[in-house]
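These values consider heavy atoms only, across backbone and side chains, with no hydrogens, waters or symmetry-generated copies. A, B, ... follow the sequence lines: proteins, then strands. Residue 1 opens every chain. What you see is a predicted model; the values in this text were computed from it and never measured.
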Amino acid sequence: MELSKAYNPKEHEQDIYSLWENNNAFKPSGTGKPFSMVFPPPNANGNLHIGHAFTMGIQDISARYHRLIGCDVLFVPGTDHAGFETQVVFERQLEKEGKSRFDFSREELYSQIWDFVAANKNNVENQLKQLGASFDWSSHVFSLDKKVVDSAYKRFKKMWDDDLIYRGERLVNFCTFHGTAFADIEVEFKEEQGHLWYIKYPVTGTNENLVVATTRPETMLGDTAVAVNPTDKRYQGLIGKTITLPLTNREVPIIADDFVDPEFGTGAVKITPAHDPNDYEAALRHSLPFISVIDFNGKITHEMPEKYRGKKVIEARQAILKDLQGEGFLEKTEDYKHSVGHCYKCKTTIQPLLKEQWFINMKPLAKKAIEALEDKKIKFYPDSKRVQLINYLKQLRDWNISRQISWGIPIPAFVNEDNPDDWIFDERVEQELIEVNNHTYRRDPDVFDTWFSSSSWPYVATDYPSSDNFKKFYPLSLMDTGADILFPWVSRMIMLGLYETDQIPFKDVFMHGLIMAEDGAKMSKSVGNVINPMDVLDKYGSDALRMGMIAGRVAGVNRGYDHRKVEDARNFCNKLWNIARFSQEKVNSSKSKKPVPETVADHWIISKLSDLQNNLAKDMEKYGFAEGYERLYHFIWDDLADWYIEASKSRSNDSILAYTLISSLKLLHPYAPFVTEAIWQSLKPANESELLIGAKLEDIIPSDKKLAAKFDKLKNTVIEIRNISNTLKLIKPSLTMTKLSEVDQEEINLIKKLANLSDIKEVETGKGIKLTSSEMAAWIDVDKSVIDQYLDEVKAKVKQRETQVENLRARLSNKSYIEKAPKKLIEDTKKNLKETEEEITALKEEATRF
RNA sequence: GGACCCUUAGCUCAGUUGGCUAGAGCGCUUCCUUGACGUGGAAGAGGUCAGAGGUUCAAGUCCUCUAGGGUCCACCA
């Protein structure tokens, strides 16, 4: 098959992927050291974003590289039902159709979203294939698959029995627009410009007022105390007395509690236990009643004075402030900046509301995780993320896992219709009512927080507890995710993995930074700076997208997307393609030949190849994906194409060229799976695997280091000649040498070819510009007029070298340096000094000679 | 209030446990239609490594402080 002039990814990618799939190339081989990963399941509710493409690239490189070195690789794909997220996406779609979730029953909504997700799941999977994902598709997990749901139920029951799960009325983070509670981690806090209102609370039976400061005056309707710090001298006399609340005329006590900061506001705090986490805690300590002011629709409850009932929070606030002002209770208003929680989807202010929910007691789970992390049982790249995670776990509070939405895994719990405290576990969630022991039980209408099920991903994906996969591949070798889900996901996988399997879920965690927009800002649909990976792929190819994203990125650091890197990677694919085009016939003709290095160039390229293979192994071990890429790029482009292939035009060794190309294809394959496989298929190298994806790495054939070094010297000579030619605008100059006959003819030819010389001839005495980089006595044959131009350059060079010599001498005359620096370093310094001095002598000779 | 990260060439970024003349890509300048590639080839210019102090024989790298940028966490009403 003849290769086209330029690599066109579109002509190959789909076919190549099918070729792999049809040959079951992604299945674990069953032999070799196990290497396992599960892909963080994308939400099955739309398209992949650039972050997915990036993490896909990193993990697919790891998977393919480990196959290459003979590991037994399990790479598990998955998709997430993404409960709340998906419901939001679906509701937006409903909105466009002029409908809302209230138009449907829970069951209707569920089944509609099911269809919506099924379609998107397909879409996501197709996109992953385009990205080159070498997944074992047969082990694909969808987060509503039976095994995931069963596992969630089992875990729920186990935790219930272990007293780790409890149901209780607590303050929860409630979004009144979406009508559901959230975990703490899901609340988005933002600085907001608000006000601090100072309200006078009359002390009962006196003319005194106790002034409190608040950012939320509307909650005063639910105040059940006013608190001061017990050490606050100003209020000593008031503790134990009561105040009469304005507007409602309820009498509430003045209490003393340490949590009050005397410095803040007036040092007196209104206590609204039903709407503030601090106040809630205080109320528990002081046995205060809880009065709900705001309902789940974000409106004032019916228990409140009639004039405020049914008003939205902000309206109620205005009305209350107006009334307070009218009655003389408002002392003053100050501007105040404070942090307010918002729904991360609709930005509605989160209301802390009292609600009965299922909670997980996180302390014991976090404790185990912290221990594992402090012992470095799990390695983090970068390690700073491990430290961050420990800090997070230390302050973790109980986790609310109930969600008031329809899309998700129903909570398998039922309540006795006659006794609200009698909750039982039962998996018959498809029924609303069940009979147990002659009592009717009603299903909890809520579903699990998605993270509750997805935190089981590593062990559910490997079929805990008894499957072969679990035994072989758990704990996973590597978990790669974005830094944004360190807390919500990685932390929970560790905690629940330890809880359920008694083992860490993965050995290494690679936290990649986020891909920001080109200007460095966060990508966001509303800002419109989102880069669609599929567009990039369409234009530049899958390999270019992958390498372009990985180039120059280091673990844990956010970086802007850079289209130039993608372009550069596209060019690189094309370069490789053309190397293959140049080599195609040579590969064919040398199929039966054993590669044996003959020329200095052969030894040099083989030794470079060997270095590449060794260093790449080191890169992969420490997840240096960008370093690996750069290494491959420079080997293939600079060493192979610019030097070796050029040298081969002087004298070629086809079997070595073929060998080098084939080895390069193997090594680059993880980074550029499509183009390398396409080339492989057209070359069909002898005695190798049919598919490149199935090829294995072998030790590089031996090369002679001395001969390789000889080529390096020759290279320097060529570079010097090119440099002089360029500076002096010489076109095809000729070289004269005094001892030409002592130099190998082949090397002479090589220099002539590479340095673009017209001729190399022997002379009695040299004339022209003497080369300084070479041991050979060689001169570029030029006229006197040209030499004058060159003299200035020589002088500058001498000066530079002299400074260098000075520095080296100073270092060597430093006693401490001689005593303390490693011997090898001192040797090198001496050697360097000697060489530089010799160079100066040579240069000076040149300068004086003219 | 706390934690973490970043500041190196015009731009985007590398720089392992401190070690010789600080690297890459893009861009820029000059040149080249050389048997694959102009998505190419050759040569080159360009950096007081944010600033100050310290440790060390030796600091882009370690420590302290300062300035600027970013991210995350936290129940100050």
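- Nucleic acid contact class of A/K729 (heavy atoms, under 4.0 Å, all strands): sugar-phosphate only.
- Spacing between B/G19 and B/U61 at atom C1', rounded to whole Å, works out to 11 Å.
- Checked against B/U16, B/A36, B/C4, the side chain of A/Q388 finds its nearest nucleotide in B/C4.
- For A/R564, no side-chain nitrogen or oxygen approaches OP1 or OP2 of B/G25 to under 4.0 Å.
- For A/N832 and B/U21, the shortest distance from a side-chain N or O to OP1 or OP2 is not below 4.0 Å.
- Under 3.5 Å, the side chains of A/K752 and A/S650 contain no donor-acceptor pair of N or O atoms.
- Note on A/K715: every side-chain N or O is 4.0 Å or more away from OP1 and OP2 of B/A42.
- Looking at heavy-atom distances under 4.0 Å, A/K618 makes no contact with the nucleic acid at all.
- Only the P atoms considered, B/A9 is 10 Å distant from B/G47, to the nearest whole Å.
- Side-chain proximity of A/N578 to the nucleotides B/A36, B/A77, B/U39 is greatest for B/A36.
- In this structure, A/F625 and A/H512 have side chains that are not in contact, with every pair of non-hydrogen atoms separated by 4.5 Å or more.
- Taking atom P on both B/A45 and B/U34, the two are 27 Å apart, rounded to the nearest angstrom.
- Of the listed nucleotides (B/C26, B/A77, B/C20), B/A77 has the atom at the smallest distance from the side chain of A/V269.
- Contact annotation: side chain of A/E646 to base of B/A36, donor-acceptor pair present below 3.5 Å.
- Distance CZ (A/R553) to C1' (B/C5): 15 Å, rounded to an integer number of Å.
- Cation-pi contact between A/R317 and A/W197: absent, since separation from the ring centre below 6.0 Å together with deviation from the ring axis within 45° is not met.
- The residue A/L171 sits apart from the nucleic acid: no heavy atom pair falls under 4.0 Å.
- Side-chain N/O atoms of A/R570 include none lying less than 4.0 angstrom from OP1 or OP2 on B/C37.
- Using a 4.0 Å heavy-atom cutoff across all strands shown, A/F487 reaches sugar-phosphate atoms only and no base atom.
- Residue A/Y336 is classed as a sugar-phosphate contact, given heavy-atom separations below 4.0 Å to backbone atoms only.
- The side chain of A/W637 sits closest to B/G41 out of B/G41, B/G19, B/A77.
- Judged by distance alone, the side chains of A/T219 and A/D223 never bring a donor and an acceptor atom under 3.5 Å apart.
- Picking from B/U39, B/U30, B/G15 the nucleotide with the shortest atom distance to the side chain of A/E627 gives B/G15.
- B/U21 and B/C65 are spaced 32 Å apart, taking the C1' atom of each and rounding to whole Å.
- Between B/A77, B/C4, B/C73, one nucleotide has an atom nearer to the side chain of A/S384 than all others, and that is B/C4.
- The main-chain N or O of A/A227 is never found under 3.5 Å from a side-chain atom of A/D257 such that the two would form a donor-acceptor pair.
- Using a 4.0 Å heavy-atom distance criterion, A/D261 is classed as a base contact.
- Between the A/N229 side chain and the A/P262 main chain, no donor and acceptor come within less than 3.5 Å of each other.
- Taking only side-chain atoms of A/A6, from C-beta outward, the nucleotide of B/U39, B/A24, B/C20 with the closest atom is B/U39.
- Within 4.0 Å of A/A641, counting heavy atoms only, lies at least one base atom of the nucleic acid.
- With hydrogens and angles ignored, a donor-acceptor pair under 3.5 angstrom links the side chain of A/K649 to the base of B/A36.
- Using a 4.0 Å cut-off, no side-chain N or O of A/N558 falls inside it from OP1 or OP2 of B/G70.
- At the heavy-atom level, A/D642 lies under 4.0 Å from the strands shown only through sugar-phosphate atoms.
- For the pair A/S652 (side chain) and A/K649 (backbone), a donor-acceptor distance under 3.5 Å is absent.
- Ring geometry for A/Y633 versus A/F572: interplanar angle of 30 to 60°, hence tilted.
- Residue contacts for A/K522: at a heavy-atom cut-off of 4.0 Å it reaches the sugar-phosphate backbone alone, with no base atom in range.
- Considering only side-chain N and O atoms, A/R722 lies nowhere under 4.0 angstrom from the phosphate OP1 or OP2 of B/G44.
- Residue A/P822 has its side chain nearest to B/G19 when only B/G25, B/U39, B/G19 are considered.
- In this structure, A/R559 reaches the sugar-phosphate backbone alone: every heavy-atom distance under 4.0 Å involves primed, P, OP1 or OP2 atoms, never a base.
- Here A/V554 lies in heavy-atom contact (under 4.0 Å) with sugar-phosphate atoms only.
- Distance from the side chain of A/N723 is smallest for B/G44 among the nucleotides B/C13, B/G19, B/G44.
- B/A74 and B/C26 have their C1' atoms separated by 42 Å, given to the nearest Å.
- Listed nucleotides B/G41, B/G25, B/A42 differ in distance to A/K575; the shortest reach to its side chain belongs to B/G41.
- Note on A/F264: a base of the nucleic acid sits closer than 4.0 angstrom, heavy atoms only.
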